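From a predicted model like this one, the values you see are computed outputs, not experimental measurements. Whatever order the structure lists them in is the order used to number ligands and atoms, beginning at 1. Residue numbers count from 1 along this sequence.
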Amino acid sequence: MPQLSRRHFVLSTAFATALGLTERLFIPAAVAATEEPTIGHYKYKVGEIEVTALYDGIWKKPHDPAFIKNASVDETKAALAAAGLPNDYMPIPLTVVVLTIEGKHVMIDAGSGAQWQPTAGRLHENMVAAGIDPKKIGTILISHFHPDHIFGLMHRDSNLPIYPDAELIVSRTEYEWWTAPGRVEKLPEARKDLGKRINAVFPKWKNFTFIDEEKDVAPGVRLIQAPGHTPGHSAFLVSSGNEQLMISNDVAYVPALLAPHPEWQGAYDQDGPTAVTTRRALLDRVIADKMMICGAHFPFPGAGSFAKDGDAYLFTPVTI
Ligand SMILES: [Zn+2]
């Protein structure tokens with residue numbers, strides 16, 4: 001695999017064909033989609049399944065030496081620059097995907113609900129602009145219980161459910177870890193408020209379905225166990241016809257960092273070594289099976305492809 005300029009990368013037809021990817025996914029663009037997209041919704045297909053990427057916002061996180069446990073701020077800045085991204089802050093965009101399967105809407109995670117960073121919380125606005133009625137979301141597959149993925153399930157002050165009629169599907173491991181007796185006391189200080197909110201809200205809700213193993217959770221969608229980021233973190237594999245999409249959620253987090261440095265352990269990874277093992281296994285599978293991959297914190301529209309690059313990876317984002 002040649003080293004490609006990612007800032008001005010244009011995916012060639014030959015490359016897309018070699019990967020067996022759907023060419024319509026790739027719309028060449030001159031710049032990496034790192035700043036606010038002008039249109040915060042984008043549709044593409046995986047076989048018969050329609051995928052709608054919905055932009056929630058971006059956290060322009062100030063650099064913090066603790067952000068990556070085994071890399072310095074200078075190293076993370078260098079990785080951002082090498083990917084053609086601004087590096088005066090850490091860009092953490094947030095995208096939510098909705099799958100439309102046989103006319104029904106299946107959403108993966110719920111975004112931040114404008115309760116994470118002031119520069120995020122645009123999921124509903126972009127959902128409506130994309131022609132999807134939030135009341136028609138019938139199923140929500142939850143990857144893990146971090147704020148940017150679940151605060152969009154609950155109203156800011158009342159904690160009342162935003163999707164009271166949707167089925168909420170999550171791995172039993174994730175649910176039981178966060179709601180275990182005594183968990184809040186054991187959480188690090190920075191996670192205690194999150195733990196308290198989860199325990200005050202979720203046990204009262206009756207619309208959860210818990211999944212014990214890897215299994216189909218919607219037509220053509222399989223829950224894949226991907227622990228490390230959190231104990232029960234899940235990815236979701238979408239299959240239709242001969243096309244596949246791995247919705248990886250936070251396994252590869254910000255790929256500008258973790259594609260060239262898959263061994264980096266983020267402060268956000270609750271079990272760093274397990275997160276690294278999961279990341280390598282999932283990316284190797286995506287490459288071996290020539291599939292597209294989505295990530296919640298990939299540059300909007302939150303999708304791309306990976307290739308092997310020695311012991312690391314090369315990430316090519318879809319740009320629009
Ligand atoms: Zn996240």
H144 near the Zn ion (ligand 1): N/O/S under 2.8 Å: no
Should the pair K308-D284 be classified as a salt bridge under the 4.0 Å nitrogen-to-oxygen rule? yes
Is it true that F202 and F208 have ring centroids separated by less than 6.0 Å? yes
The Zn ion (ligand 1) is nearest to which N, O or S atom of D250? OD2
Minimum-distance N/O/S atom that D148 presents toward the Zn ion (ligand 1): OD2
On the six-membered ring of F151, is R197 placed so that its NZ or CZ lies under 6.0 angstrom from the centre and within 45° of the ring axis? yes
Ring centres under 6.0 angstrom apart (Y253, H261): no
Below 2.8 Å, can you find an N, O or S atom of H297 next to the Zn ion (ligand 1)? yes
